[in-house]
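For ligands, and for the atoms within them, numbers begin at 1 and follow the listed sequence.
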Amino acid sequence: MTIDNRPLPEIFESFSEARKNGFLAMKKLKEEGKGVVGTFCTYTPYELFMAAGLIPVGLCSTSDETIAEAEKTLPSNLCPLIKASYGFAVADKCPYMYFSDLVVGETTCDGKKKMYEFLGRIKDVHVMQLPQTQQLPSARSAWLSEVHRLKEFLEKKFGRTITDDDLREAIKRRNQERASLKEFYELSALVPPAMTGQNQLSFLFGSQFKFNQAAKLEEIENTVKRLKEAYAKGENQVDKSLKRIVITGCPMGGVTEKVVKVIEESGGVVVAFENCTGAKQYDRQVPETGDPWTNLADFYLEIGCAVMSPNNNRFELLGRLCKQFSADGVIEMVLTACQPYSVESINIREFLREKGVPFMSLETDYSSSDLELLRNRARAFVETLS
Ligand code: BJ8
């Protein structure tokens, strides 16, 4: 491992700028003849692309720049994530979408799955049929056959063969990355946490736009080491008196970092992200023994997203994070018009009430017009935490 001597703020900067800086790296990879697959969701079995020697990249857009363009086709009362994602594709403003040879989506919420039908008019789109429950054996076998269907599709489209050993190797590599990112964010379980929530979020979000996997792993491990050293020397910048907040709800990144910012300007510090930007992706490992196809399919089906009914796994993870990160409170971010998360919010409130953890749900979109409202609500919530 090489020693990374850059100061910590610079390392964080390298991850927060990763989405922008990754454009050039992606262009180079394309020039080298690599195949690129754009994805939208945590249910996408990432390891399959790695096993096929393809480059996966997240496409979910996180700004309102192209929403007006999307609304020429899609209804305006859709969630901003769906509209922005489609808008960037149709306006040809997302280089990652431009470079993607294929887009893989899943039938998660209704808005997203119907959006893929329109996206299919301008890109090659493969949609995996995701069951909406984890509890039935028929759901497991249906999802496993969807994983096999994707394998066959990739083999045909890219002219590759994906063997069991290729998949085993990819599972191993992705597990290593998950473990190192988990070790990174678990440094915020310390009291005080080893980093701010803004730094944690931009690091986790940025990590998906670093395409050299070995170099990325080394960079994450170096950062963990540097953070531990700084913490041991008492160089930590986070005040012990700040109220510790766990975030739950819809995925974050880009413009929705505003939620973390207002919390951290109001006497709080975000210690953990239960959502798809954080623990939901990195908390567990795909088993490395046994049939790799079944292991992969089962692992992804178990993701605790509100599109599942019932969604016990979200509650299990959230309860565990509250304990591990000594949460003073939980704040949920629900994107406007997201039905799965806004309805499930009622159950989350009841669940946390039983545990004695204060809870607040914030609804927001990709604009900055509600910044003052968010700030006032965050301040009022943090003040109530004892
Ligand atoms: S696994 S959270 S990435 S579906 S916010 S588009 S649910 S209306 S993003 Fe998600 Fe996969 Fe679940 Fe994660 Fe629909 Fe809601 Fe919009 Fe959403």
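Listed by number with element, the atoms of ligand 1 under 4.0 angstrom from any heavy atom of Cys305 are 1 (S), 2 (S), 4 (S), 12 (Fe). Ligand-side atoms of ligand 1 in range of Cys276: 1 (S), 2 (S), 3 (S), 13 (Fe), range being under 4.0 angstrom from any heavy atom. Which parts of ligand 1 touch Tyr43 is read off a 4.0 Å heavy-atom cut-off, strictly below it: atoms 1 (S). Near Thr108, meaning under 4.0 Å from one of its heavy atoms, ligand 1 places the atoms 4 (S). Below 4.0 Å from some heavy atom of Cys41 lie the following atoms of ligand 1, by number and element: 1 (S), 3 (S), 4 (S), 11 (Fe). Listed by number with element, the atoms of ligand 1 under 4.0 Å from a non-hydrogen atom of Cys79 are 5 (S), 6 (S), 8 (S), 16 (Fe). For ligand 1, the atoms sitting less than 4.0 Å from at least one non-hydrogen atom of Ile82 are 6 (S), numbered in the order shown with element in parentheses. Short contacts between ligand 1 and Cys250, defined as distances under 4.0 Å to a heavy atom of the residue, involve ligand atoms 5 (S).
Contact annotation: Pro251 has at least one heavy atom less than 4.0 Å from an atom of ligand 1.
Between atom CD of residue Glu221 and atom OG1 of residue Thr223 there is a gap of 9.5 Å, rounded to the nearest 0.5 Å.
With Thr42 as the fixed residue, the side-chain contact (heavy atoms from CB on, under 4.5 Å) test singles out one of Thr277, Ile303, Asn275: Ile303.
At a threshold of 4.0 Å, the pair Glu218-Lys210 does not count as salt-bridged, since none of the basic side-chain nitrogens sits closer than that to a carboxylate oxygen. In this structure, Glu316 does not pair ionically with Arg284, as no charged nitrogen and carboxylate oxygen lie closer than 4.0 Å. Salt bridge annotation for Arg379-Glu383: absent, with no cationic side-chain nitrogen under 4.0 angstrom from a carboxylate oxygen.
Side-chain N or O atoms of Glu146 include none that pairs as donor or acceptor with a backbone N or O of Met128 at under 3.5 Å. In this structure, the side chain of Lys83 does not engage the main chain of Glu71 through any donor-acceptor pair within 3.5 Å.
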